[in-house]
Participant: 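Starting off with a structure, shown below.
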Amino acid sequence: MAQYQDHMLILKSKPYRESDILLTLFGIKSGKIGAVAKGAKRPKSRLAGIYPLSYAICQVYHGRSSLDTLNGVDLVDGFPGLQKDLSPLSWALLLADLVDEMFSERDPAPEVVPWVIAAWDRLQQEGSNLTTSLSAGWHLLKLAGYLPQWETCEACGEIPRQSPVGVDWEHDVMYCSRHLPSSSGESRGMEISLGGLLTWQRWMALNVTKLGNYEAKGIIGDQLFFLFGRYIERHIGRMPRSWQFVREVENMAGKERNRLF
Ligand SMILES: [Zn+2]
């Protein structure tokens, strides 16, 4: 039972009791926690104004309850640009949902925080939201322990040199164009272009300061979007609601990614 301070992502909030707010936070030191911000719905509360998709120094009390109590908050970055347009907002919410879904409570994973901050920051700027979000999303998957071995062919051990390649999201392996598995029964993977595979590999090799590099354009963007969705669905079990939001916003923007589904 103790009071502690941590730099934390504010992932989610929802009303709780009459005047409280229930928050999902992710701290550098503490990992994911649930915390109650008591009285935060009252306009004069010193906790009023705390909102999701922000980053703050939080004073938290950990007692007997599984829920901690938020006692103080100093905003570090509110990422205001995320609220200006549906596209960055939808992607930023998806990343918040993924962190919430993939990590257990009180299991620290400090590297998550810089990836999310870098993604939220880039989403406020000009650039490809899909590229920023999917590459950050794959790094979050990696930090959660998911890292497909999509480097060499499972059958011959060689590095693929031509399209298409077969990526298997069930067993986390891949196949070159000469050893594509016959598609029978339940789908366990898909064929993507060599360019799609190379883009994914470049993303996985990125340092967090280079997030947003190697833009996935056109059909490569479509393929990597679809692949990410299927991978999440297979390994996380259910799709966060924000994934549907992302798809709707992408479709509104005329990206027509639905044709792949
Ligand atoms: Zn092969």
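All values below were derived from every heavy atom in this structure, side-chain atoms included, with hydrogens, water molecules and symmetry-related copies excluded. Note that the coordinates shown come from a computational prediction; the quantities given were computed from them, not determined experimentally. Order of listing sets the numbers, starting from 1, for every ligand and every atom in it.
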Participant: If you measure only the distance, is there a donor-acceptor pair under 3.5 Å linking the side chains of Asp85 and Ser87?
Facilitator: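 Their side chains do not contain a donor-acceptor pair, so the 3.5 Å distance test is not met.
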Participant: Closer than 2.8 Å to the Zn ion (ligand 1), how many protein N/O/S atoms do you count?
Facilitator: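 For the Zn ion (ligand 1), protein nitrogen, oxygen or sulfur atoms under 2.8 Å: 4.
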Participant: Output yes when Lys32 and Asp100 qualify as a salt bridge under the 4.0 Å nitrogen-oxygen rule, no when they do not.
Facilitator: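 Yes, this pair counts.
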Participant: If only side-chain N and O atoms count, and only distance matters, is there a donor-acceptor pair under 3.5 Å linking Thr152 with Glu158?
Facilitator: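 Side chains of Glu158 and Thr152: no pair found under 3.5 Å.
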Participant: Is a side-chain donor-acceptor pair under 3.5 Å present for Gln162 with Ser177?
Facilitator: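 Present: a donor and an acceptor within the cut-off.
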Participant: Should Phe225 and Trp243 be marked as a ring-ring contact (aromatic ring centres under 6.0 Å, His included) after you check the CA-CA gap, both sets of side-chain angles, and the distance that decides it?
Facilitator: CA-CA 11 Å; Phe225 184 78; Trp243 176 249; 4.8 Å; yes
Participant: What I want to find out is whether Arg230 reaches Glu233 closely enough, with some N-O distance under 4.0 Å, to be called a salt bridge.
Facilitator: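 Result for this pair is yes, salt bridge flagged.
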